[in-house]
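To start, the structure itself, in C-alpha cells.
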Amino acid sequence: MDKLLLWMPIFTSLLSEAFSQTDLYSKVFVFPRESETDHVKLTPRLEKPLQNFTLCFRTYSDLSRSHSLFSYSVKGRDNELLIYKEKVGEYSLYIGQSKVTVRGMEEYLSPVHLCTTWESSSGIVEFWVNGKALVKKSLQKEYTVKAPPSIVLGQEQDSYGGGFQRSQSFVGEFADLYMWDYVLTPQDILLVYRGSPINPNILNWQALNYEINGYVVIRPRVWD
C-alpha cells in the first residue's frame, strides 16, 4: 500500500502533463522533429456541426516542403476541415474533402499569423496572412462541417485520429490558436492579429484542452 501511495503523485503528475486545460498565453507548442507520431490532440467546445467558422493561429517554421497546420477529421471522412501549407505563401483549405488554394506574399523564415474564415451560405473562403487579406475563393457552398471531430496539430489525419505520415508532419513552433463558430469581421481579425482575440467559443489558447502525444514540448514564445 505504501508503494502505491508513493506512485500516485507521480502518475497524477504525468497524467496532468499529458492531458490539460491550460492558459498558454505567451507559450508555444514546439514540434522539434519530423515524425509520424508526434502530435497534439485538441478537445474543442463544439456541440453541433459548423456552418461558419474563423480559425486563427501563429506558426514559426523553417520547413520548405508541404505540411499540415490544422487537421479536423470526423468518422468516415478524414479531410473534413484541413488547413495545409503547400509552400511559402501558398495555403489550401479542405472542406468535406474538397479543396481550394490561395497564394500571397510571405517572407521565408519569419513567423506567420494566419486566419481562415468560411461561410456556408455563400461558400466564401478568406485567408489573412499577417493581417493582410488574400484573394477570396469559393468552397462547398451550403455545406455543413460534420461533428464531433478529432482535431490534431502537428500531423495530417488520413483516418479518424491517425493515419499520420512523416512527410506531412509539422516541424516548428505553434501558438495563439483561436476558433469561432462564426465569421469575424475584418476589424476583429486585425484585433486577433494584434493579440486581442474576442471571445473564442470553440478553441481558446488561453483555456485550451489538449493532450500531448510523443515528442512535443511547451516553451515560452520568444518571437512576435
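Sequential numbering from 1 along the given sequence is applied to the chain's residues. Model, not experiment: these values are computed from the prediction. Heavy atoms only: backbone and side chains are in, while hydrogens, waters and symmetry mates are out.
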Contacts under 3.5 angstrom, residues 144-152 side chains, donor-acceptor by atom type, not counting sequence neighbours:
from, atom 1, to, atom 2, distance (Å)
Thr144, OG1, Gln51, NE2, 3.3
Lys146, NZ, Tyr143, OH, 3.2
Lys146, NZ, Thr144, O, 3.1
Ser150, OG, Gln157, OE1, 2.8

Output the distance between atom [atom1] ([X]) and atom [atom2] ([Y]), rounded to the nearest 0.5 Å.
X: Ser121; Y: Glu119; atom1: OG; atom2: CD; answer: 3.5 Å
X: Asp181; Y: Thr54; atom1: CG; atom2: OG1; answer: 9.0 Å
X: Leu190; Y: Ser196; atom1: CG; atom2: OG; answer: 11.5 Å
X: Tyr182; Y: Phe53; atom1: OH; atom2: CZ; answer: 14.5 Å
X: Phe31; Y: Leu153; atom1: CZ; atom2: CG; answer: 5.5 Å
X: Leu177; Y: Leu24; atom1: CG; atom2: CG; answer: 9.5 Å

So does [Y] get a backbone contact from the side chain of [X], meaning a donor-acceptor N/O pair under 3.5 Å?
X: Arg58; Y: Asp176; result: no
X: Tyr178; Y: Asn201; result: no
X: Ser68; Y: Gln155; result: yes
X: Arg45; Y: Pro200; result: yes
X: Ser66; Y: Lys87; result: no
X: Asn213; Y: Glu211; result: yes
X: Trp118; Y: Leu139; result: yes
X: Glu90; Y: Arg103; result: no
X: Lys41; Y: Tyr210; result: no
X: Arg219; Y: Phe29; result: no

Any side-chain heavy atom of [X] sitting closer than 4.5 Å to one from [Y]?
X: Leu208; Y: Leu42; value: yes
X: Ser61; Y: Phe170; value: yes
X: Tyr60; Y: Ser110; value: no
X: Tyr84; Y: Thr101; value: no
X: His67; Y: Gln168; value: no
X: Leu191; Y: Leu184; value: no

Could Glu106 and Lys132 be called an ion pair, given the rule that one side-chain N must be under 4.0 Å from one carboxylate O? no
Glu173 bridged to Lys27 by N-O distance under 4.0 Å: no
Under the side chain to side chain donor-acceptor pair (under 3.5 Å) test, residues paired with Asp188 that sit two or more places apart: Thr185
Nearest atoms (heavy-atom pairs only) where Tyr108 meets Asp62: OH-O, 2.7 Å
Checking side chain to side chain contact (heavy atoms under 4.5 Å, CB included) against Tyr94, which of Leu82, Val100, Asp78, Ile83 comes through? Leu82
Decide if atom OH of Tyr25 counts as having more than 12 heavy atoms of other residues, nucleotides or ligands within a radius under 6.0 Å. no
I'd like to check the side-chain contact (heavy atoms from CB on, under 4.5 Å) partners of Ile124; sequence neighbours left out, ordered by chain and number. Ser122, Glu126, Lys136
Do Tyr160 and Lys75 have a side chain donor and acceptor closer than 3.5 Å? no
Going by atom types alone, do Ser71 and Glu156 pair a side-chain donor with an acceptor below 3.5 Å? no
